[in-house]
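In what follows, a single structure is set out as structure tokens and then discussed.
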Amino acid sequence: VSCAKRAKTPNSELLFLPFRVLLAELEAHQDAWPFLSPVKLKSVPGYRKVIKKPMDFFTIKEKLINNMYLNQENFIIDVNLVFDNCQKFNEDDSEIGQAGHRMKRFFDKRWTELLRK
Ligand SMILES: Cc1ncccc1N[C@@H](C)c1ccc2c(c1)OCCCO2
């Protein structure tokens, strides 16, 4: 009797699908513009000194595609790093600071919706 073919374990592609969807939503957000690519350390005086661990949505996407996130936690840590760096370097009432707060609120909402389902 042939045993039932073992179901292929869903590869990380499937496991991380929600993250890719969520990241695509972040990138498409109208307030995402300061966070889409790495801050050019030469064009932003002081950034290199103040921000120890720069992070941006493009870098997160690269890490996702290269399966560098071993668990949910590490993905969330990098996304929150984007917003924490923003709050650290930018005044709350600045253009970029305001965009960062709006993006963080959007992410927190979508993340809980994604998890609650
Ligand atoms: C997230 C963040 N935090 C602090 C500073 C910059 C950034 N984002 C970078 C991509 C950026 C945004 C706006 C910029 C800029 C660079 O180039 C200098 C000229 C003004 O326009």
Side-chain angles (χ1 to χ4, degrees):
V1 175
S2 69
C3 64
K5 195 165 167 19
R6 264 176 61 75
K8 259 166 62 75
T9 48
N11 62 24
S12 60
E13 204 67 13
L14 197 62
L15 288 181
F16 280 75
L17 188 64
F19 298 152
R20 297 179 77 142
V21 167
L22 186 48
L23 187 60
E25 287 182 13
L26 288 176
E27 290 174 312
H29 195 286
Q30 66 169 15
D31 292 316
W33 55 273
F35 316 107
L36 291 173
S37 55
V39 177
K40 290 182 183 54
L41 301 178
K42 286 185 286 302
S43 67
V44 181
Y47 201 81
R48 181 203 309 272
K49 183 96 182 78
V50 173
I51 300 300
K52 301 307 175 198
K53 293 171 74 177
M55 188 47 67
D56 63 280
F57 295 157
F58 182 80
T59 303
I60 292 173
K61 185 157 69 178
E62 290 286 295
K63 289 177 75 170
L64 255 184
I65 290 169
N66 299 320
N67 290 325
M68 288 168 70
Y69 290 118
L70 302 181
N71 54 40
Q72 294 185 3
E73 199 46 42
N74 293 339
F75 174 78
I76 299 299
I77 287 169
D78 271 357
V79 174
N80 284 321
L81 191 52
V82 174
F83 303 136
D84 296 343
N85 289 345
C86 181
Q87 287 184 28
K88 185 171 186 184
F89 193 85
N90 303 285
E91 297 296 326
D92 285 343
D93 58 0
S94 66
E95 272 285 298
I96 299 178
Q98 283 294 310
H101 285 295
R102 286 196 292 267
M103 287 304 296
K104 176 165 177 46
R105 274 198 299 274
F106 173 77
F107 175 72
D108 290 345
K109 187 171 74 67
R110 292 296 291 133
W111 177 248
T112 43
E113 283 164 3
L114 194 74
L115 274 193
R116 200 179 316 123
K117 223 184 275 171

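Both ligands and their constituent atoms are indexed starting at 1 by order of listing.
Geometrically, ligand 1 and Ile96 share no nitrogen or oxygen pair separated by less than 3.5 Å.
Protein heavy atom at the shortest distance from atom 2 (C) of ligand 1 is Val39 CG2, 3.8 Å.
Atoms of ligand 1 found under 4.0 Å from any heavy atom of Phe89 (numbered from 1 in listed order, with element): 4 (C). Atoms of ligand 1 found under 4.0 Å from any heavy atom of Phe35 (numbered from 1 in listed order, with element): 1 (C).
Contact annotation: for Asn90 versus ligand 1, heavy atoms closer than 4.0 Å belong to the side chain alone.
For the pair Phe19 and Lys61, the minimum side-chain heavy-atom distance is 4.5 Å or more. The shortest side-chain heavy-atom distance between Ile60 and Asp56 does not fall under the 4.5 Å cut-off. Looking only at side-chain heavy atoms (C-beta outward), Met68 and Glu62 stay at 4.5 Å or farther from each other.
Here the straight-line distance linking atom CG of Asp78 with atom CE of Met55 works out to 4.0 Å at 0.5 Å rounding.
Atom 4 (C) of ligand 1 is approached by the protein to below 4.0 angstrom, counting heavy atoms only. For atom 8 (N) of ligand 1, a protein heavy-atom neighbour is found at a distance under 4.0 Å. For atom 20 (C) of ligand 1, no protein non-hydrogen atom is found at a distance below 4.0 Å. Using a 4.0 Å threshold on non-hydrogen atoms, atom 15 (C) of ligand 1 does not count as touching the protein.
Formation of a donor-acceptor pair under 3.5 Å by the Asp84 side chain with backbone atoms of Gln87 is not found in this model. Of the possible donor and acceptor atoms, none in the side chain of Ser94 sits under 3.5 Å from a partner among the backbone N and O of Asn90.
Comparing heavy-atom distances from atom 18 (C) of ligand 1 across Ser43, Pro54, Pro34 singles out Ser43 as nearest.
Residue Lys40 qualifies as open at atom NZ: its count of foreign heavy atoms under 6.0 Å is 12 or below.
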